[in-house]
Chemist: 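There's a structure below that I have some questions on.
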There are 2 protein chains.
Amino acid sequence: MNTALDQLSSLANERRLAVFRYLVTLGSGGAPAGDIAVYMNVPANTLSAQLSQLSRAGLITGRREGRSIIYSVNFDAIGGLILFLLEDCCNGRSEVQTRILAAITDVCRDDKDCLDMADAVQMKKVQDE
Amino acid sequence: MNTALDQLSSLANERRLAVFRYLVTLGSGGAPAGDIAVYMNVPANTLSAQLSQLSRAGLITGRREGRSIIYSVNFDAIGGLILFLLEDCCNGRSEVQTRILAAITDVCRDDKDCLDMADAVQMKKVQDE
DNA sequence: ATTATATTTCCATATACGTGGAAATATGGA
DNA sequence: TCCATATTTCCACGTATATGGAAATATAAT
């Protein structure tokens, strides 16, 4: 829960949320701190502080490559945060959970891998009963 | 996205997150501001400020009942926030999305309604293809 | 009308947070 | 070794946020 709080505060800032969303679009490849600063039009040291906060919260990770430090999002972390919210919000409220579930399966409609695994999940669930 | 920011900042505070989670456990019934203040062991006016922020963000709503104002969580809003994060995080990353999907269906395993609706979603999805 | 209860608004204060200049650190190339 | 590049740390300043006392508002009961 303290992790969740850190992650929420990290995302609860316009610039950091923008950085995070930008990094999401870049996938695991990520981008060097300097490039992000240019893209965001922010001084390097200012951005560094933001990146370090996102990093402390576990939402992104930096790896050194030569002189650059490449930041990329930690997809597991955001998944964890989503689950935290989900468990919070769905405490005995199956309608909400189901509504979200529907939306998710909807979102992955065009994605073969996603559908296959969703099916697998469904199978496993049916087996369990 | 501005809504999401407001909601994130509202939850990014220890006390407010605690209030929110407490209200979640109470369901749509909610609780009067005063009771929440007692439960949280916080002066009424201080808590009032927190409630009003959660309310401005749309995460909770207050309805007057006699002298009391009853606050209860807005499940749609938290669902919306989850979807926002999900769309952000799953931009072309079906593994993550699927992992979360699996976790959700897992969470609702014991819940007949949830399963039924998950099945319905699954059906609809298969039809679409 | 008056009083009691529930909550909010106003306001002052303290603390936390975001920002960017200047200096420090780390790596790579000549 | 010396210089250039990439990023961070240090620090000071301004702004935003959280807090709670005191007064205001709103409802209900007598």
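Values reported hereafter were calculated over all heavy atoms of this structure, with side chains retained and with hydrogens, waters and symmetry mates removed. Chain naming here is simple, since letters A, B, ... match the order of the sequence lines and numbering starts at 1 in each.
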Chemist: Evaluate the side-chain proximity of Gln53(A) to Asn13(A): yes if any heavy-atom separation is below 4.5 Å, no if none is.
Modeler: no

Chemist: Which pairs with one or both residues in residues 59-73 of chain A pass side chain to side chain donor-acceptor pair (under 3.5 Å), sequence neighbours excluded?
Modeler: Arg63(A)-Glu65(A)

Chemist: Go through DNA chain C in 5' to 3' direction and return only the first and the last nucleotide with some atom under 4.0 Å of chain B's heavy atoms.
Modeler: dA4(C) to dT9(C)

Chemist: Round to the nearest Å and state the distance from Tyr71(A) atom OH to dA6(D) atom P.
Modeler: 15 Å

Chemist: Let's test this: given Watson-Crick or G-U wobble pairing with both distances under 3.5 Å, identify the partner of dA30(C).
Modeler: dT1(D)

Chemist: Under 4.0 Å from any atom of DNA chain D, heavy atoms only: list the residues of residues 30-40 of chain B that qualify, in numerical order.
Modeler: none

Chemist: Let me know the distance between CG of Asp6(B) and P of dA16(D), rounded to the nearest Å.
Modeler: 15 Å

Chemist: Quickly work out the Asn13(A) CG to dT15(D) P distance and round it to whole Å.
Modeler: 17 Å

Chemist: Within this structure, what is the CG-CZ distance for the pair Leu51(A) and Arg15(A), rounded to the nearest 0.5 Å?
Modeler: 11.5 Å

Chemist: Which letters describe nucleotides 25-30 of chain D, given B = protein heavy atom under 4.0 Å from base, S = only from sugar-phosphate, - = neither?
Modeler: --BSS-

Chemist: What residues form a side-chain contact (heavy atoms from CB on, under 4.5 Å) with Leu8(B), not counting sequence neighbours?
Modeler: Leu8(A), Leu11(A), Ala12(A), Leu17(A), Leu81(B)

Chemist: What is the distance from atom CG of Leu86(B) to atom CD1 of Ile82(A), rounded to the nearest 0.5 Å?
Modeler: 4.5 Å

Chemist: Tell me every residue that passes side-chain contact (heavy atoms from CB on, under 4.5 Å) with Asp6(A), counting only those two or more places apart in sequence or in another chain.
Modeler: Ala57(A)

Chemist: Quick check on contacts: within residues 41-54 of chain B, what sits under 4.0 Å from DNA chain C by heavy-atom distance?
Modeler: Ala44(B), Asn45(B), Ser48(B)

Chemist: List the atom pairs, with distances to 0.1 Å, where a side-chain N or O of residues 41-48 of chain B and a protein N or O form a donor-acceptor pair under 3.5 Å, not counting sequence neighbours.
Modeler:
none

Chemist: How long is the span from the OG atom in Ser28(B) to the CZ atom in Phe75(B), to the nearest 0.5 Å?
Modeler: 5.5 Å

Chemist: Using the rule side-chain contact (heavy atoms from CB on, under 4.5 Å), only one of Ile78(A), Asn74(A), Val73(A) pairs with Asp76(A); which is it?
Modeler: Asn74(A)

Chemist: Which heavy atom in Gln7(B) sits nearest to a heavy atom in Leu59(B), and how many Å separate them?
Modeler: O-CD1, 3.8 Å

Chemist: Mind jotting down which residue pairs meet the ring-ring contact (aromatic ring centres under 6.0 Å, His included) criterion with at least one end in residues 21-67 of chain B? Sequence neighbours excluded, please.
Modeler: Tyr22(B)-Tyr39(B)

Chemist: Would you give the length of the straight line joining atom CD1 of Ile70(A) to atom CD1 of Ile60(A), rounded to the nearest 0.5 angstrom?
Modeler: 12.0 Å

Chemist: side-chain hydrogen bond (donor to acceptor under 3.5 Å, both in side chains) with Arg56(A): which residues, sequence neighbours excluded?
Modeler: Ser52(A)

